[in-house]
Chemist: 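Okay, here's the structure, questions in a sec.
Throughout, protein chains are lettered first and strands after them, A, B, ... in sequence-line order, and every chain is numbered starting at 1.
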2 protein chains.
Amino acid sequence: MHTESCSDGNSIRHLISNVSEDELSDLAELFKMFADSTRIKILYDLINGEKNVTEICDDLEMNQSAVSHQLKLLKTAKLIGARREGKQMIYFLADDHVKTIIAMGKEHIEE
Amino acid sequence: MHTESCSDGNSIRHLISNVSEDELSDLAELFKMFADSTRIKILYDLINGEKNVTEICDDLEMNQSAVSHQLKLLKTAKLIGARREGKQMIYFLADDHVKTIIAMGKEHIEE
DNA sequence: TATTCATGTGAACAGAGATTCATATGTTAA
DNA sequence: TTAACATATGAATCTCTGTTCACATGAATA
């Protein structure tokens, strides 16, 4: 016998043990968020604590529109959260996974 | 006073504590390797042990050229290694960081 | 050495994504 | 309600990158 092994019928040739193709796509999507300089800088910036958009722009020395566009992506990916405070929007890291993932990356680089 | 704080003169406005802009770019470059479905599948495939190109192609159900191109990128990034064995090239994960990083990603997704 | 199998690679094409520009939305203060 | 500030967003542009196609390279075998 040599038939389907994935119970969900979603398989890249029964190989990738127990992991559906969708799950791997989601993984790729997640890592995409870390795969851009601007977004990494934003995430890294927020490790120092929550900040509003203007502060982030100043820190990164980038124009507000570019930053806002990336903030939106990060928020959609649920890597950051936001709340309004008067005229300003305060952004912050959603959870500790972000720090952990970045830390793992740094570790690999400094091998 | 409020001048340069990074000793190397490489700063995104002294913010990103102790981390040079280059270092953050390297991080982004690293995560780019995980940010594509094909590459993630290859990496995940190799978690099951070393494989030659044909096996990987079969597993992913992708044509050989596409896979080879991605293998080259992964090798350049030092996430995988390779050795020749007769006509075949055997690819394998370079170290455990790959597994760790993927595991972190999965953990975040399954939150 | 000619052939076949396994893999690598350059060029071309297509699609995705990042930045900019202009402008819209939302909030506070005058 | 008007003005000023803070942020969001759509469209256009430009760049980057993944796949395909055709072919090159390398190794084993007849």
Chemist: Taking the inter-plane angle between the rings of B/F31 and A/F31 on a 0 to 90° scale, is it parallel (under 30°), tilted (30 to 60°) or perpendicular (over 60°)?
Modeler: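 Rings of B/F31 and A/F31: parallel, as their planes differ by under 30°.
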Chemist: D/dA8 P sits how many Å from A/N52 CG, rounded?
Modeler: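 After rounding, the reported distance stands at 10 Å.
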Chemist: Can you tell me the distance, in whole Å, between the CD1 atom of B/I56 and the P atom of C/dT7?
Modeler: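 Going from B/I56 (CD1) to C/dT7 (P), I get 9 Å.
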Chemist: Would you mind reading off the distance between B/K51 atom NZ and C/dA6 atom P, rounded to a whole angstrom?
Modeler: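 In whole Å, C/dA6 P lies 17 Å from B/K51 NZ.
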Chemist: Looking at A/N52, is its backbone amide N or carbonyl O close enough to the side chain of A/E55 to form a donor-acceptor pair, meaning the two atoms are under 3.5 Å apart?
Modeler: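 The answer is yes, because a donor-acceptor pair under 3.5 Å joins these two groups.
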Chemist: Closest approach of B/L79 and B/V98, non-hydrogen atoms and distance?
Modeler: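 B/L79 and B/V98 have their closest heavy atoms at O-CG2, 3.7 Å.
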Chemist: Could you check A/A35 against B/M89 and say which one's nearest nucleotide on DNA chain C is further toward the 5' end?
Modeler: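 Its nearest nucleotide lies further toward 5', so the answer is B/M89.
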Chemist: Of all heavy-atom pairs between B/I80 and B/L43, which one has the smallest distance, and what is that distance?
Modeler: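 Minimum heavy-atom separation between B/I80 and B/L43: CG2-CD2, 3.8 Å.
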Chemist: When you measure from the side chain of B/R39 to the backbone of B/K32, do you find a donor-acceptor pair of N or O atoms at a distance under 3.5 Å?
Modeler: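 At least one qualifying donor-acceptor pair exists.
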Chemist: Using heavy atoms and a sub-4.0 Å distance, could you list which residues of residues 64-76 of chain B are near DNA chain C? By number, please.
Modeler: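 Heavy-atom cutoff 4.0 Å gives B/Q64, B/S65, B/S68, B/H69, B/K72.
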Chemist: I want to check one thing: is the phosphate of D/dT17, taken as OP1 and OP2, less than 4.0 Å away from some side-chain N or O of B/R39?
Modeler: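 Indeed not, no polar side-chain atom of B/R39 lies that close.
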Chemist: Roughly how far, to the nearest 0.5 Å, is CG of B/D22 from OG of A/S37?
Modeler: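 Taking OG in A/S37 and CG in B/D22, the distance rounds to 9.5 Å.
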Chemist: Over how many whole Å does the gap from A/R83 atom CZ to D/dA6 atom P extend?
Modeler: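 For the pair A/R83 CZ and D/dA6 P, the rounded distance is 17 Å.
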Chemist: Can you tell me which residue among A/K99, A/K41, A/K51 is in a side-chain contact (heavy atoms from CB on, under 4.5 Å) with A/L46?
Modeler: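 Running side-chain contact (heavy atoms from CB on, under 4.5 Å) over A/K99, A/K41, A/K51 with A/L46 returns exactly one hit, A/K51.
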Chemist: Whole angstroms only, please: what is the CG-P distance between A/N63 and D/dT9?
Modeler: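 Roughly 15 Å, once rounded to whole Å.
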Chemist: Ignoring hydrogens, what is the shortest heavy-atom contact between B/T38 and B/L60? Give both atom names and the distance.
Modeler: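 Heavy atoms of B/T38 and B/L60 come nearest at O-CD1, 3.9 Å.
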Chemist: Take the protein atom CD of B/Q88 and the nucleotide atom C1' of C/dC5, then report the distance between them rounded to whole Å.
Modeler: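 About 9 Å, once rounded to whole Å.
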Chemist: When the distance from CE of B/M62 to C1' of D/dT19 is rounded to whole Å, what number comes out?
Modeler: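 Rounded to whole Å, this separation is 7 Å.
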Chemist: Among residues 27-34 of chain A, which residues get a heavy atom nearer than 4.0 Å to DNA chain C?
Modeler: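 Output list: A/K32.
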Chemist: In terms of side-chain heavy atoms, does B/S25 have a donor or acceptor partner in B/E29 at a distance below 3.5 Å?
Modeler: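 Their side chains do not contain a donor-acceptor pair, so the 3.5 Å distance test is not met.
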Chemist: N/O contacts under 3.5 Å, protein versus nucleotides 24-30 of chain C?
Modeler:
none

Chemist: Please give, in whole Å, the distance from C/dA18 P to A/L60 CG?
Modeler: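 One finds 15 Å between P of C/dA18 and CG of A/L60, rounded.
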Chemist: Does the B/R84 side chain pair with the main chain of B/G86, one donor and one acceptor, at a distance under 3.5 Å?
Modeler: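 Confirmed, B/R84 side chain pairs with B/G86 backbone.
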